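Order of the sequence lines fixes the chain letters, A, B, ..., with proteins taken first and strands second; residue numbering starts at 1 for each chain. This one's a predicted model, so the numbers in the text were calculated from it and none came from an experiment. Because only heavy atoms are used, hydrogens play no part in the values below, and waters and symmetry mates are left out as well, while side chains stay in.
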Amino acid sequence: MDETVAEFIKRTILKIPLNELTTILKAWDFLSENQLQTVNFRQRKESVVQHLIHLCEEKRASLNDAALLDIIYTQFHQHQKVWDVFQMSKGPGEDVDLFDMKQFKNSFKKILQRALKNVTVSFRETEENAVWIRIAWGTQYTKPNQYKPTYVVYYSQTPYAFKSSSTLRRNTPLLGQALTIASKHHQIVKMDLRSRYLDSLKAIVFKQYNQTFETHNSTTPLQERSLGLDINMDSRIIHENIVEKERVQRITQETFGDYPQPQLEFAQYKLETKFKSDLNGSILAEREEPLRCLIKFSSPHLLEALKSLAPAGIADAPLSPLLTCIPNKRKNYFKIRDK
Amino acid sequence: MSVLRPLDKLPSLNTATILLVGTEDALLQQLADSMLKEDCASELKVHLAKSLPLPSSVNRPRIDLIVFVVNLHSKYSLQNTEESLHHVDASFFLGKVCFLATGAGRESHCSIHRHTVVKLAHTYQSPLLYCDLEVEGFRVTMAQRLVRVLQICAGHVPGVSALNLLSLLRSSEGPSLEDL
């Protein structure tokens, strides 16, 4: 086994927390049951790793096997990457061809290898007709860097692909081209949507987030449930604005629904507008160039936070449509210009 | 437009009613709970409202004390208070209104300057109290104070009236308020 491959496998296994190790190794399916049984997973991590590397050497692990392990690790730790969303489109009048996974993989790999002599391309198919692609980039003269790969998750029955943001941005146009041509599309466009949570991005892009589930709470009367009142509440406390509260609850429910919101960490608004003022002759109004301003909202769970603003009394309902349109418009990056 | 007046209803026997006005319902609820836990000879009633005017209701008892809760973290809260103040009759401000500013402890989150609420309280000639309602210890102490003030405003403490209390509180304020 090549030294670089051994080192790569070692570093990958070292990243895996001990409690996930057996699950990931089983998913990898490279080492046999018998081999795995010989390993004592209760030792110190370094010893476990040494033993595993030894077993991989016995079985002569290749670079492809190592890359596959890396893909599986990333699939278990999707949140460590930030994912961008790309949308492809077919040209006008093009037929919808039947998708052939094998042909796609070959074509994709060939395009990249023709452009850059040194790339490592690996595939792993998952459910829902999705394929995870891992690309390690090199140049005409240098070997691929296995420690800074790019991941693409392509859902073959849709025109959407999700790509992990990486620092090596110069390869993005080539990657886009390869993906477009291999999947028999005409054009690829980056959407203004980005998040760490791949599941949430999927839910937003495929419009699957608005499913209401029947829960056992739905039998309690609407008013009590929505106002969050304790049934044993003190009768000496009287809420004066019940009508207003119900209005806020109703508007919030109409805007956000009853279902859990997809998880996003931020929303960013770039404003480029000219200054508008009622006063004539103000210095700012005479300015030809638009004013620029950037507003960023961050939260561990942005959409749930926005949903709770009006009921908590921090903002008035209804909220600005710029905030509430995020899942609907499938964007969390906005550019606001003068019309 | 309905305006709250202090003496437009007859008082109920041994009952004192306080009205808490503020945008954040959770805070008002907590304060109400703390107040009701206090030992008090009078029967307490707490009304919570997001803003004024209140929906018209014949069943509402006479209100003895109004506390406007302003959250220093939220300009929305201050704006709401300022708009609600227009629906209170001038005679209420003879000791039966008080302002409570919360959130001063977390300076980095404050978007309203302390001076703004000081000036507001001064304009309406009413006392301003500070309390971080989210901290239980402070809230309990404030609840005790408010219960005491409420009893005086309801006339349950012999020899002290709301107006007496107001002048007592005012004379202890520093001269710097005169400069505002």
Over 12 non-hydrogen atoms of neighbours within 6.0 angstrom of NZ in A/Lys329: no
Measure B/Leu54 against the heavy atoms of chain A and call it side chain, backbone, both or neither at under 4.5 Å. side chain
Is there a side-chain contact between B/Pro55 and A/Asn241, using heavy atoms and a 4.5 Å cut-off? yes
With a 6.0 Å cut-off (strictly less than), is the heavy-atom count around NZ of A/Lys335, excluding the residue itself, greater than 12? no
Heavy atoms of other groups near A/Lys274 NZ, more than 12 under 6.0 Å: yes
Counting only heavy atoms closer than 4.5 Å, note whether B/Ala49 contacts chain A via side chain, backbone, both or neither. both
Is it true that, when you exclude B/Leu10 itself, more than 12 heavy atoms of the residues, nucleotides or ligands shown sit nearer than 6.0 Å to its CG? no
Checking salt bridge (charged side-chain N to carboxylate O under 4.0 Å, His left out) for the pair B/Arg60/A/Glu240: CA distance, chi angles, key distance, verdict? CA-CA 10 Å; B/Arg60 190 180 303 118; A/Glu240 292 284 348; 3.0 Å; yes
Max heavy-atom pairs within cutoff under 4.5 Å with chain A, candidates B/Lys45, B/Lys50, B/His73, goes to B/Lys50
CZ of A/Arg236 to CG of B/Asp33: how many Å apart, nearest 0.5 Å? 10.0 Å
Is it true that, when you exclude A/Lys202 itself, more than 12 heavy atoms of the residues, nucleotides or ligands shown sit nearer than 6.0 Å to its NZ? yes
Residue among B/Glu24, B/His47, B/Met35 with most heavy-atom pairs under 4.5 Å to chain A: B/His47
How many angstroms lie between CG in B/Leu44 and CD1 in A/Ile237, if you round to the nearest 0.5 Å? 10.5 Å
Does CZ belonging to A/Arg247 count more than 12 external heavy atoms closer than 6.0 Å? yes
Does A/Glu254, at its CD atom, have more than 12 non-hydrogen atoms belonging to other residues, nucleotides or ligands within less than 6.0 Å? yes
Against chain A, residues from residues 134-147 of chain B with at least one heavy atom under 4.5 Å, in numeric order, are none
Under 4.5 Å, heavy atom to heavy atom: which of residues 313-325 of chain A reach chain B? Give them by number, or say none. A/Gly313, A/Ile314, A/Ala315, A/Asp316
Nearest 0.5 angstrom please: A/His239 NE2 to B/Gln29 CD, how far? 4.0 Å
